[in-house]
Every structure is written in C-alpha cells, then in structure tokens.
Amino acid sequence: MSEKGLVIVYTGNGKGKTTAALGMALRAIGYDHKVCMLQFIKGSWHYGEMDSSKKLEPNFELIAVGKGFVGILDDNSPREEHEKYAAEAVRICREKIFSEKYDVIILDEVNYAITLGLIDVQEIIKIIKEKPSDLDLVLTGRDVKEEIVELADLVTEMKEIKHPFKSGIKAKKGIDF
Ligand code: ATP
Ligand code: MG
C-alpha cells in the first residue's frame, strides 16, 4: 500500500519558500520520484530552476501556468481577462494533479495568486480534498489562507530576521533567482 501523501505549506514573509520546495524536489528525485512544479506567478525574470529542471528531466517538470498573469497584474485589463487566465491555470493544475503521473506537485506562489484574487481559494480547497491520496502537494507563497492551513499536514512559516535587500544588496544569481 502506498503511503499517505502530505499537504505541505511554506508561507511567511522571510525568504526561502520556493527554495524549500525546490530542495524537497531534489530530495525526492534522488528516489526517482516524479516532481512537477507549477509556477503561478512569474514575471519576466529568469530563474535558475527553469534550467535545472531540464537537467533533471524526465523526473522534474516545471511549468509556468501563471504566464498569462504576467503583464496583467499591474494594469487595468478587464476582469474577464484575469478570470480567463486564472481558469486556465487551475485547469492545468487539475490536469497535472489528477494525471497520477507525479509523486510530488508544487504549486509555487499559489497563495499569492489567491491573495490577488486571481484564483478562488475554494478551487484550491477542492483540489486538496480530491487529490490522489498518495500525492505530496506543496503550496508556497505569503499569506496562506486559514482554510488551507486547516487542511494541511505541515505548515512552515518563514520569518524574516534579516534580508540583504534591507541593506541595499540586490537579488543574487543562484541565491534569489
Ligand atoms: P525564494 O524564491 O528565494 O525561496 P521566497 O519564495 O521565500 O524566496 P517570494 O515571496 O516568492 O519569496 O519572493 C521571491 C523573491 O523575493 C526572491 O527573489 C526572494 O529572494 C525575494 N525575497 C523573499 N523574501 C524577501 C524579503 N523578506 N525581503 C526582500 N526580498 C525577499
Ligand atoms: Mg517564492
């Protein structure tokens, strides 16, 4: 019998949420587990993991489901435009989760997408409740909703004690992106 999959949340205002999820992915891939990371919010930046994932194929798949949100976050696009992209992101998310092809699925920055009102928390709650029982599901992003915390098995809050940004040090390649 397969083990129960966990619902894992990395939240809080300190750095390390996406990094923690990537670290777990690296660990799981060591056992030849299949990992899929869905990025809900990604701007025009290039992140190292976009290339690391290719080096870890076919065990690691990285998909920018929130690509369509880029460019519409800071403008006044019609509401339907936002809803269209959100619906598409949720559709891809469901497709991956219910494909039963993966051992670990990471919904990176999904909490942020919820806070921005791009995705309805109820859609994510439904996915958490219906997911394959042995799938480990990881959700990252600040300001996790209480309803998600209630359903989770593991919740870690990253707390900022110090961040180089505060002393004027810019984001660093390989550390921040
Ligand atoms: P990382 O991707 O480095 O693990 P994160 O997922 O915890 O960070 P996000 O809220 O996704 O943090 O923010 C992404 C970007 O903002 C990263 O470049 C990260 O270094 C930076 N960042 C995270 N926390 C802070 C902070 N407290 N102050 C300033 N910048 C931050
Ligand atoms: Mg992050």
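We number each residue from 1, following the sequence as shown.
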Where the side chain of Thr140 meets the backbone of Glu109, is there a donor-acceptor pair that is under 3.5 Å apart?
-> yes
Counting only N and O atoms by type, is there a donor-acceptor contact under 3.5 Å from the side chain of Asn59 to the main-chain atoms of Asp32?
-> yes
Which residues share a side chain to side chain contact (heavy atoms under 4.5 Å, CB included) with Leu151, sequence neighbours left out = Ile125, Ile128, Lys129
May I ask you to decide if Leu135's main-chain N or O and Lys131's side chain share a donor-acceptor pair within less than 3.5 Å?
-> yes
Given Val121, Ile124, Ile114, the one that forms side chain to side chain contact (heavy atoms under 4.5 Å, CB included) with Glu147 | Val121
Looking only at non-hydrogen atoms, find the nearest pair between Leu118 and His82 and report the distance.
-> CD2-ND1, 3.4 Å
Rounded to the nearest 0.5 angstrom, the OG-CG distance for Ser52 and Leu22 is 7.5 Å
Test salt bridge (Lys or Arg N to Asp or Glu O under 4.0 Å), reference Glu61, set Lys101, Lys34, Lys96, output is Lys96
What pair of heavy atoms forms the shortest contact from Gly141 to Thr11, and how long is it?
-> O-OG1, 2.8 Å
Any pair with a residue in residues 112-166 that passes ring-ring contact (aromatic ring centres under 6.0 Å, His included), sequence neighbours left out, goes on the list, sorted by first then second residue, please.
-> none
Side-chain atoms of residues 167-177: list all donor-acceptor pairs with protein atoms under 3.5 Å, sequence neighbours left out, distances to 0.1 Å.
from: Ser167; atom 1: OG; to: Pro164; atom 2: O; distance (Å): 3.2
from: Asp176; atom 1: OD1; to: Lys15; atom 2: NZ; distance (Å): 3.2
from: Asp176; atom 1: OD2; to: Lys172; atom 2: N; distance (Å): 2.8

Given side-chain hydrogen bond (donor to acceptor under 3.5 Å, both in side chains), test Asp143 with Thr115 step by step and report yes or no.
-> CA-CA 7 Å; Asp143 307 317; Thr115 303; 4.6 Å; no
At what distance, to the nearest 0.5 angstrom, does SG of Cys36 lie from CD1 of Ile92?
-> 10.0 Å
Roughly how far apart are Ser99 OG and Arg94 CZ, rounded to 0.5 Å?
-> 12.5 Å
Non-hydrogen atoms of Leu107 and Cys93 that approach each other most closely = CD2-SG, 3.7 Å
Residues Met158, Arg142; criterion side-chain contact (heavy atoms from CB on, under 4.5 Å); working and verdict = CA-CA 9 Å; Met158 306 298 178; Arg142 295 162 188 235; over 6 Å; no
Under the side chain to side chain contact (heavy atoms under 4.5 Å, CB included) test, which residues partner Arg91, sequence neighbours left out?
-> Glu88, Glu95
Indicate the atoms forming the closest heavy-atom contact of Asp153 with Gly5, along with that distance.
-> OD2-O, 4.1 Å
Separation between OG (Ser53) and CD (Gln39), nearest 0.5 Å, reads 8.5 Å
Residues passing the ring-ring contact (aromatic ring centres under 6.0 Å, His included) test with Phe98, sequence neighbours excluded, are none
To the nearest 0.5 Å, how far apart are CZ in Phe40 and CD1 in Ile63?
-> 10.5 Å
Check whether any side-chain heavy atom of Asp108 lies under 4.5 Å from a side-chain heavy atom of Leu38, and answer yes or no.
-> no
Asp51: salt bridge (Lys or Arg N to Asp or Glu O under 4.0 Å) partners, not counting sequence neighbours = Lys54
Can a salt bridge be assigned to the pair Lys126 and Glu130 using a cut-off of 4.0 Å between side-chain N and carboxylate O?
-> yes
CD of Glu160 to NZ of Lys162, rounded to nearest 0.5 Å, is 11.0 Å
Is a side-chain N or O of Asp136 found less than 3.5 angstrom from the main chain of Val104, in a donor-acceptor match?
-> no
Distance-minimising heavy-atom pair for Tyr10 and Asn111 | O-ND2, 4.4 Å
For the side chain of Asp134 and the backbone of Lys4, is there at least one donor-acceptor N/O pair under 3.5 Å apart?
-> no
Do you know the tightest heavy-atom contact between Asp103 and His33?
-> OD2-CA, 3.3 Å
